[in-house]
**Q** 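Starting off with a structure, shown below.
The figures here come from the full heavy-atom set of this structure, side chains too, leaving out hydrogens, waters and symmetry mates. Residue numbers start from 1 in every chain, and the chains themselves are labelled A, B, ... in the order their sequence lines are given, proteins ahead of strands.
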There are 2 protein chains.
Amino acid sequence: MTSKQRAARQGNATIFDVAEQAGVSIKTVSRVVNNEPNVRESTRDKVLEAVERLRYLPNVAARSLSGRRSRVLGLVYGSPDEFSYMKDVLDGALSACEERDYSLLLRPLTLPNAELVEQVERFITQARVEGVVLPAPMGDLPDLQRLLRRLETPFAAITPKVATAGQVTILCEEQAASCSLTEFLIERGHRAIGFIKGDPDHGATAKRFAGYRQALAKHGIRYRGRLVRQGYFNFDSGKAAAAELLNLPQMPTAIVASNDDMAAGTLLAARQRGLAIPEDLSVAGFDDAPLASRLWPPLTTVRQPIREMAKTAAGLLMDRLNGNATEPPVVPFACEIVVRESTT
Amino acid sequence: MTSKQRAARQGNATIFDVAEQAGVSIKTVSRVVNNEPNVRESTRDKVLEAVERLRYLPNVAARSLSGRRSRVLGLVYGSPDEFSYMKDVLDGALSACEERDYSLLLRPLTLPNAELVEQVERFITQARVEGVVLPAPMGDLPDLQRLLRRLETPFAAITPKVATAGQVTILCEEQAASCSLTEFLIERGHRAIGFIKGDPDHGATAKRFAGYRQALAKHGIRYRGRLVRQGYFNFDSGKAAAAELLNLPQMPTAIVASNDDMAAGTLLAARQRGLAIPEDLSVAGFDDAPLASRLWPPLTTVRQPIREMAKTAAGLLMDRLNGNATEPPVVPFACEIVVRESTT
DNA sequence: CAATCAAATGACAACGTTGTCAAGCCGGGG
DNA sequence: CCCCGGCTTGACAACGTTGTCATTTGATTG
């Protein structure tokens, strides 16, 4: 059986088949396929033609085994995380990987998790993951960062914090956005503005809260702790927190929830008290999840270009892995306020 | 440098290190690690101890290259698909893969797509994907099925159709569920029941519609085509279709939408006409997306155990790949009606 | 025209595992 | 006591690619 027949039968030609077809050595084929320099133009053409004809695709396992490079990126995320967020992260990361011919391996994690370090270490060493993308709030876990540094595995964190020295950091200006959102309400006459915080373990929580306080301070409005409640980025906690705020002797005229799911909970709590939105209460969220535009009334919220952020994160990470280190690796992204009908 | 030192430095021991440590050959280590028979108990213990001590993890690339097996499963999905659905599919498939030490590679596809076959072929051959999981509606694409058969790549389809002879088929009894849902409304006195169909390219669309008609027939209610509108499984199409139904001279007293997103659109259309839900109009959806419980009023809908279905799909697929073919590979799953407040 | 040097190409080992096949070991039957 | 056969074990090739280094080629220079 000739190699050509073998290729046809198995549906995948090897580098030997291409070399034979093009009348060169396998090493030259390798050079052409990997865009290495020092190949004569005519030779390159011959090889590319053979590649084309045989529909040759390099075997990733052999590549990974031979070279140092596995061409695999890892994506570590919290499995119960809001999924519209993860969808965008996934889309962005995958599209970056596709451009550079990388694979993306997923590692969902349930938090909190005592075995986190062990699980991720296993994930990285076994699959020879070259680099890891950490969408928020994964970049905020000190244990994880320490592990990645120990394994000398570069990573790209999407996070509102800037603590990841030396690593790719995709920064969303959440504090500024939260401040703008709060100001938007202040400018429309609101003075008693409630705020529902997110999960304390997420870096975004502090930033969004800081933006709220910053806006109050800027406009000389006294901060009142009783207008602030703790939530956990989910519907039920938002509903409960909102119910408390609406029970206050002096009910706020507006509530900012730290994400859309909690804003949806706020809407429900308001409805249960017979309040009209936005006439009796303005409500704003964060994230511009698909949910936001499906609710009634549609939510005023803050949109982050998550997909682009994730694509940039993965892209810069791969650039670094390949030595094209474009400094500085800290890239800020701006958020945008989306005004809908839940606010007056 | 001894192999032990090398292992310590690089963070990953090889099979040689383990063999040396345990005083056996690499082949014996391989046998132990892969749970192959015919290894003396005492030998097995020695090896396992060495594995433990060196924190040995087999190199997936070498495994893939050497054996026929890549231990990689592919998940082909439509990238704009409803993502709560994909989240469950992903969760389920990943958890099955984790149990069996497989990796899962994702291949999102935008449909319709002329290059579909080429893209998937590349995906499968390059990464040496052993088998493919096809969540609905991917299992309904004839081109894709033909390709997979040509590549001799087994697959597991999650679909309401039963057309995938010889392959793992995870069946959701959507017609029965749709029938029950419609009957639920009929039993509560509704006679003029509108129906919003889904995307014609999805297998689920026909099944859900058939269930609706079945229920009408069963209760002697005449089918009226004007009460049925075409939608495309998204919010806007649902809203438009509902608006048409609500404009009818004889407005339906209930509307069944083929998924929750279209039901959300229906809610909005009803609100814009000043209708009270469920007093003036009952609305029901399909899928029990997170959205369903966040809307007002919360949606009556149909829940499918998607996560379990995907886990079973991936699990059975891997069992087949490993020769543990437990026939028959057609597994039906029942749906469940979730009654909430959008129906009277 | 020979010497020199850079560019182009190739031979071969290495990557870490599994598959194949042969060999060693051990107990039981003739 | 020897032989047989099954359980254990090991030696070695193979998987398909890249890295290293040597060799060939071709042009340039003295």
Side-chain angles (χ1 to χ4, degrees), chain A residues 1 3 6-7 10-47 50-51 54-72 101 125-128 130 322, chain B residues 3 6-7 10-47 51 54-72 101 103 125-128 130 322-323:
Chain A
M1 182 173 66
S3 58
R6 177 158 42 80
Q10 296 197 352
N12 38 44
T14 74
I15 200 170
F16 287 94
D17 303 320
V18 177
E20 185 180 310
Q21 176 89 192
V24 298
S25 74
I26 57 167
K27 184 61 213 186
T28 297
V29 175
S30 175
R31 287 195 182 92
V32 171
V33 169
N34 292 287
N35 269 313
E36 285 172 29
N38 298 337
V39 179
R40 203 194 313 268
E41 198 58 33
S42 60
T43 309
R44 189 178 296 272
D45 290 344
K46 266 194 307 186
V47 172
V51 165
L54 295 174
R55 320 194 75 208
Y56 167 69
L57 292 173
N59 180 312
V60 291
R63 269 193 165 165
S64 168
L65 183 58
S66 172
R68 290 255 152 40
R69 322 265 312 283
S70 63
R71 300 190 84 81
V72 170
D101 220 21
T125 54
Q126 190 155 17
R128 299 293 191 273
E130 287 182 32
N322 298 331
Chain B
S3 59
R6 178 156 42 81
Q10 296 197 350
N12 38 43
T14 73
I15 200 170
F16 286 95
D17 303 320
V18 177
E20 184 181 313
Q21 176 88 194
V24 298
S25 74
I26 58 169
K27 183 63 212 182
T28 298
V29 176
S30 175
R31 288 195 181 92
V32 172
V33 169
N34 292 286
N35 270 312
E36 285 172 29
N38 300 335
V39 178
R40 203 194 311 269
E41 198 59 34
S42 60
T43 309
R44 189 178 297 273
D45 290 345
K46 267 193 307 184
V47 172
V51 164
L54 295 175
R55 321 194 72 209
Y56 167 70
L57 292 172
N59 180 311
V60 291
R63 267 192 166 166
S64 167
L65 183 58
S66 172
R68 291 257 152 36
R69 322 263 312 280
S70 63
R71 301 190 84 82
V72 170
D101 219 22
S103 293
T125 54
Q126 190 156 19
R128 299 293 191 273
E130 287 182 31
N322 298 331

**Q** Please state how far atom CD1 in Ile15(B) lies from atom P in dC15(C), giving the value in whole angstrom units.
**A** 14 Å
**Q** Evaluate the side-chain proximity of Ser103(B) to Val60(B): yes if any heavy-atom separation is below 4.5 Å, no if none is.
**A** no
**Q** CG/Asn38(A) to OG1/Thr28(A) distance, rounded to the nearest 0.5 angstrom?
**A** 11.0 Å
**Q** Rounded off to whole Å, could you give me the CZ-to-P distance for the Phe16(B) and dA11(D) pair?
**A** 11 Å
**Q** Return the residues of residues 23-33 of chain A meeting this criterion: a heavy atom under 4.0 Å from some atom of DNA chain C. Order them by number, or give none.
**A** Val24(A), Ser25(A), Lys27(A), Thr28(A), Arg31(A)
**Q** Is the shortest heavy-atom distance from the side chain of Val24(A) to the side chain of Val29(A) under 4.5 Å?
**A** yes
**Q** So which heavy atom on Ala22(B) is nearest to which on Val47(B), and how close?
**A** CB-CA, 4.0 Å
**Q** Hey, does the side chain of Ser64(B) reach the backbone of Ala61(A) with a donor-acceptor pair shorter than 3.5 angstrom?
**A** no
**Q** Of all the heavy-atom pairs spanning Arg31(A) and Pro37(A), show the shortest one and how long it is.
**A** CD-O, 4.4 Å
**Q** For Asp101(A), enumerate each residue passing the side-chain contact (heavy atoms from CB on, under 4.5 Å) test, keeping only those at least two apart in sequence or located in another chain.
**A** Arg63(A), Arg71(A), Arg122(B), Gln126(B)
**Q** Roughly, in whole Å, what's the span from CG in Asn34(B) to P in dG19(C)?
**A** 8 Å
**Q** Just how far, in rounded Å, is P of dT18(D) from CD of Glu130(A)?
**A** 13 Å
**Q** Looking at residues 37-47 of chain B, who's got a heavy atom less than 4.0 Å off DNA chain D?
**A** Asn38(B), Val39(B), Arg40(B), Thr43(B)
**Q** Without decimals, in angstroms, what is the distance between Glu36(B) CD and dT9(D) P?
**A** 13 Å
**Q** What verdict does the side-chain contact (heavy atoms from CB on, under 4.5 Å) test give for Asn322(B) and Arg69(B), after you've listed the backbone C-alpha separation in whole Å, the side-chain angles of each residue and the deciding distance to 0.1 Å?
**A** CA-CA 9 Å; Asn322(B) 298 331; Arg69(B) 322 263 312 280; 2.8 Å; yes
**Q** For the pair made of OH in Tyr56(A) and C1' in dT17(D), what is the distance, rounded to whole Å?
**A** 7 Å
**Q** At 10 degrees resolution, what angle do the end axes of the helix from dC1(C)-dG30(D) to dG30(C)-dC1(D) form when each is taken over five base pairs?
**A** 60°
**Q** What pair of heavy atoms forms the shortest contact from Tyr56(A) to Val33(A), and how long is it?
**A** CE2-CG2, 3.9 Å
**Q** Give a yes or no on whether the backbone of Ser42(A) and the side-chain of Asp45(A) come within a donor-acceptor separation of less than 3.5 Å.
**A** no
**Q** Using every non-hydrogen atom in the two residues, find where Val39(A) and Val32(A) come nearest and quote the distance to one decimal.
**A** CG1-CG2, 4.0 Å
**Q** Check Ile26(A) against Phe16(A) and note the closest heavy-atom contact, atom names and distance.
**A** CG2-CD2, 3.6 Å
**Q** Can you list, in residue-number order, the parts of residues 58-66 of chain B that come under 4.0 Å of DNA chain C, counting heavy atoms only?
**A** Pro58(B), Asn59(B), Ala62(B), Arg63(B), Ser66(B)
**Q** Could you tell me how far apart Glu20(B) (CD) and dG16(C) (C1') are, to the nearest whole angstrom?
**A** 15 Å
**Q** State which residues pass salt bridge (charged side-chain N to carboxylate O under 4.0 Å, His left out) with Arg44(A); sequence neighbours excluded, sorted by chain then number.
**A** none
